[in-house]
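Report on one structure; see the data block that follows.
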Amino acid sequence: MMRRMLSVAAAALLVALAACGADQTPLTTQGDAVESRPGEAELDRDEIKAREQTWLAARPSAYAYEVETECDCSFAGTYDVTVEGDEVLGVESHAPDAEPFRIYSPPTLDGAFAMLDEPLALAAGGEISTGRASATFDPTFGHPSSFTITGSDGLPSYHVEIRDFVPIEPAAIDRTAPGLVLFISNQSYGDPEIDVTVTVDGEVVVDRSFSVENQHTTVSYRLPLEPGDHELVIRTGTGATQDQVVTLGSDRRYLYVSYLGDGPSTPVPFSIRESDQPLGSG
């Protein structure tokens, strides 16, 4: 785990970002219900809140863990995650054929409690007919070690295993500035599957299809660019084009690109936000 932990921090920087705003919805899935695992106890909202307070009292300032996700979705798989505070610093997929630069957006373990609460809150508010969460918890630090979300009426179901949790001394984290972190999401139900190509200074860095799913799917690309001006050209298979010049200093920058179009006639097909801090954190 220590070998993977150190390579994770150098491999990627990402933040779990819900495309609808600052609220974080770090894991989205589709498909049939996932069965709870033996030993998982069904939770109510009061217990989730109490468990979260136990975790916050014991939470190290930085930590790493392995997460395995089971769902009918593109995010199913196993990943190593490094976190400092409320920011996901690095992610590394165990899949040998993982797409270059692609980063799955797992939650911090703080975010896992919001995931547990979501189906119960929606069911209590009458927004879905059924919503349940069951989990086991780490006896030392109090974070979920295994949990299953059961949703309905559009809320997906999924199962998550969290293993090899280990505190990290912040000094052990590789803080090499990645230059630019580019986030891309498809927000258009009119174009539920959109091909996107991005070039930086004439070099192709993104060339893939993006699914709208439930508008909470974001793919991140870590681009180790040098300080200075860089020209990004964003194109879609529908013919939409956007040019963007990003000026980098010595610190990392974050660029969030959301496709909003509904075919080539949309007047403003992209929403582009640039920041020196990850959106949705703090």
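Just so we're clear, the structure is a prediction, and the values are computed from it rather than from any experiment. This chain uses plain numbering: 1 for the first residue, then up along the sequence.
Nearest heavy atom pair, residue A133 against residue L120, reads N-CD2, 4.1 Å. The heavy-atom pair separating V245 from D229 by the smallest distance is CG1-CB, 4.3 Å. Closest approach of A135 and F147 over heavy atoms only: CB-CB, 3.7 Å. Nearest heavy atom pair, residue L225 against residue L180, reads CD1-CB, 4.1 Å. Of all heavy-atom pairs between Q187 and V212, the closest is C-CG2, 3.9 Å. The two residues T148 and R37 have their closest heavy-atom pair at OG1-N, 4.0 Å.
Using a 4.5 Å heavy-atom cutoff, the side chains of I162 and H143 are in contact. Side chains of T78 and E66 form a contact here, defined as non-hydrogen atoms less than 4.5 Å apart. Inter-residue side-chain proximity for D276 and D251 is flagged as unmet; no heavy-atom pair is nearer than 4.5 Å. In this structure, the side chains of L116 and L43 come closer than 4.5 Å at one or more pairs of heavy atoms. Contact check for L182 versus V206: side-chain heavy atoms found under the 4.5 Å cut-off. L255 has its side chain out of reach of V181: every pair of non-hydrogen atoms, C-beta onward, lies at least 4.5 Å apart. In this structure the side chain of V81 reaches within 4.5 angstrom of the side chain of V83, judged on heavy atoms. No side-chain heavy atom of R235 sits under 4.5 Å from any side-chain heavy atom of V196.
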> E161 and V67: side chain to side chain contact (heavy atoms under 4.5 Å, CB included), yes or no, with the steps?
Replying inline: CA-CA 6 Å; E161 295 278 347; V67 58; over 6 Å; no
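Evaluation of the salt bridge (charged side-chain N to carboxylate O under 4.0 Å, His left out) rule for E68 yields R163 as partners, not counting sequence neighbours. Applying the ring-ring contact (aromatic ring centres under 6.0 Å, His included) rule to F141 yields the partners F165; only residues at least two apart in sequence or on another chain are considered. A search for salt bridge (charged side-chain N to carboxylate O under 4.0 Å, His left out) contacts involving R59 returns D110, not counting sequence neighbours. A search for side chain to side chain donor-acceptor pair (under 3.5 Å) contacts involving S134 returns S36, E40, not counting sequence neighbours. Scored by the salt bridge (charged side-chain N to carboxylate O under 4.0 Å, His left out) test, E47 finds R51 as partners (sequence neighbours excluded). For the salt bridge (charged side-chain N to carboxylate O under 4.0 Å, His left out) test, residues two or more places apart in sequence or in another chain that qualify with D117 are R45.
Interatomic distance, M115 CE to I48 CD1, rounded to the nearest 0.5 Å: 11.5 Å. If you take CG on L109 and OH on Y65, they are separated by 5.0 Å, rounding to the nearest 0.5 Å. Once rounded to the nearest 0.5 Å, the distance linking CG of D243 with CG of L232 reads 9.0 Å. Here the CG-OG distance, from D195 to S209, works out to 5.0 Å after rounding to the nearest 0.5 Å. Taken to the nearest 0.5 Å, the CD1 atom of I272 stands 4.0 Å off from the CD1 atom of I234. For the atom pair OG (S146) and CG (D138), the distance works out to 12.0 Å, reported to the nearest 0.5 Å.
Side chain of T236 to backbone of A240: a donor-acceptor contact under 3.5 angstrom is found. At least one donor-acceptor pair under 3.5 Å links the side chain of S157 to the backbone N or O of G151. Formation of a donor-acceptor pair under 3.5 Å by the N186 side chain with backbone atoms of S188 is found in this model.
Criterion: ILVMFWY side-chain heavy atoms under 4.5 Å apart, direct or through other members. Under it, V233 and V257 are not part of a common hydrophobic cluster. Under the 4.5 Å side-chain heavy-atom criterion for Ile, Leu, Val, Met, Phe, Trp and Tyr, L223 and L248 are members of the same hydrophobic cluster. Note: the hydrophobic cluster containing F137 also contains W55 (ILVMFWY, side chain heavy atoms under 4.5 Å, direct or indirect links).
Between Y259 and F270, the distance from one ring center to the other falls under 6.0 angstrom.
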